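I have placed the structure first, in the form of structure tokens, so that the comments after it can refer back to it.
Any value given below was found using the heavy atoms of this structure, including those in side chains, with hydrogens, waters and symmetry copies removed. Since the model is a prediction, treat every value here as computed from it, not as a measurement.
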Amino acid sequence: WNKYTDVTFRDGTDLDNIEAFKDAIDEMAAPEAIDINIFSTPGINFSDNLTLVNYGLEMVETRGDSFYIIDSPRVSTSLVKGTATEVVDLLDSTGIDSNCAGTYWPWIQINDAATAQFVYIAPTAEVVKSIAYTDNVAYPWFVPGGKNRGQVQCERADVRLTRDDRDVLYQGRINPINTTIQDGVLIWGQKTLQIKQSALDRINIKRLILHARRLIAAAAITLVFEQNDQTVRDQFLAKVQPILLQMQNQRGLSAFRVVVEDATGAGTTDSETLVGKVQIKPTPALEFVDLTF
């Protein structure tokens with residue numbers, strides 16, 4: 001992607017670049033061939049390149065096992081800093097509504113070693129790095145943000161957010177890149193781009209579900225072409241329940257239940273199909289502290 005990181009075209013103005021990006025996105029479309037759990041398109045933001053962002057989002061939603069980190073537009077100019085309201089309005093105008101993606105703002109300034117200049121870039125790379133770090137030191141259902149797992153390595157954030165700015169961004173489904181005196185620049189949010197308020201409007205819950213689905217699917221595939229009887233149902237439970245129990249022990253779930261239809265149930269033995277239902281109760285992350293003195 002690096003050769004395209006300076007893309008600034010709007011949809012339809014540069015067909016060669018658009019087709020190149022689509023070809024690259026298509027390379028990631030087959031989960032059997034490409035094993036990923038995070039996807040990003042650096043240089044492509046939801047305001048200037050909506051067609052490509054929607055193309056990538058459709059691919060991620062079809063895969064059903066990955067999360068898309070989408071670039072936000074910078075909004076700032078050489079004369080005036082952008083505002084939280086501006087970028088929220090731009091997101092609202094896209095019509096994007098998905099729990100398979102998230103975005104972050106403002107942009108960050110880095111020292112570009114290739115040009116020896118200070119440049120502004122979207123925080124996507126730092127977010128992806130934070131997610132990878134979170135998976136290494138904790139689990140996918142822990143939030144990639146905050147002081148412990150959300151440090152952003154940069155010179156500065158493009159805009160120093162106020163508390164009101166952070167509230168505007170968070171209510172508008174955009175995760176703040178926050179500047180603090182004590183800890184520098186931090187990722188300070190974990191909203192998905194889902195409009196409806198539910199458990200799935202949080203990144204750690206969505207990634208927990210994606211991770212569980214991935215593990216359970218891998219376990220279930222080992223039973224394909226076995227005899228469709230009670231024994232195979234017992235084998236399914238024996239494979240799936242320990243996965244969820246381990247996630248519960250690792251603070252990802254507070255409760256779970258696995259149900260498999262009886263061998264005589266409709267749509268099972270007669271159609272050569274095992275029908276199972278996995279019910280989980282995720283453990284939410286602490287996002288606010290309310291203290292009274």
Donor-acceptor pair between [X] and [Y] side chains, under 3.5 angstrom:
| X | Y | result |
| --- | --- | --- |
| Gln171 | Asp167 | no |
| Thr162 | Asp165 | yes |
| Gln194 | Ser98 | no |
| Asn99 | Lys206 | yes |
| Thr231 | Asp234 | no |
| Ser76 | Tyr120 | no |

Row check, Tyr139 ring normal vs Arg251 NZ/CZ: under 6.0 Å, within 45°: no
Would you call [X] and [Y] a side-chain contact if the rule is heavy atoms closer than 4.5 Å?
| X | Y | value |
| --- | --- | --- |
| Arg207 | Ile131 | yes |
| Asn45 | Ile70 | no |
| Leu91 | Phe46 | yes |

Can you give the donor-acceptor pairs under 3.5 Å from side chains of residues 286-293 to other protein atoms, not counting sequence neighbours?
residue : atom : partner : partner atom : Å
Glu287  : OE1  : Tyr170  : OH           : 2.9
Glu287  : OE1  : Arg202  : NE           : 3.2
Glu287  : OE1  : Arg202  : NH2          : 3.3
Glu287  : OE2  : Gln190  : NE2          : 2.9
Glu287  : OE2  : Arg202  : NE           : 2.5

Treating Gln279 as the side-chain partner and Arg257 as the backbone partner, does any N or O pair qualify as donor plus acceptor under 3.5 Å? no
Rounded to the nearest 0.5 Å, how far does CD of Gln151 lie from CG of Leu186? 5.0 Å
How long is the gap from CZ on Phe39 to CG on Leu57, to the nearest 0.5 Å? 10.0 Å
Would you be so kind as to tabulate the donor-acceptor pairs closer than 3.5 Å made by side chains of residues 20-38, with sequence neighbours excluded?
residue : atom : partner : partner atom : Å
Asp26   : OD1  : Tyr55   : OH           : 2.7
Asp26   : OD2  : Tyr55   : OH           : 3.1
Asp35   : OD1  : Arg214  : NH1          : 2.4

Shared hydrophobic cluster for Val53 and Trp107 (ILVMFWY, side-chain gaps under 4.5 Å): yes
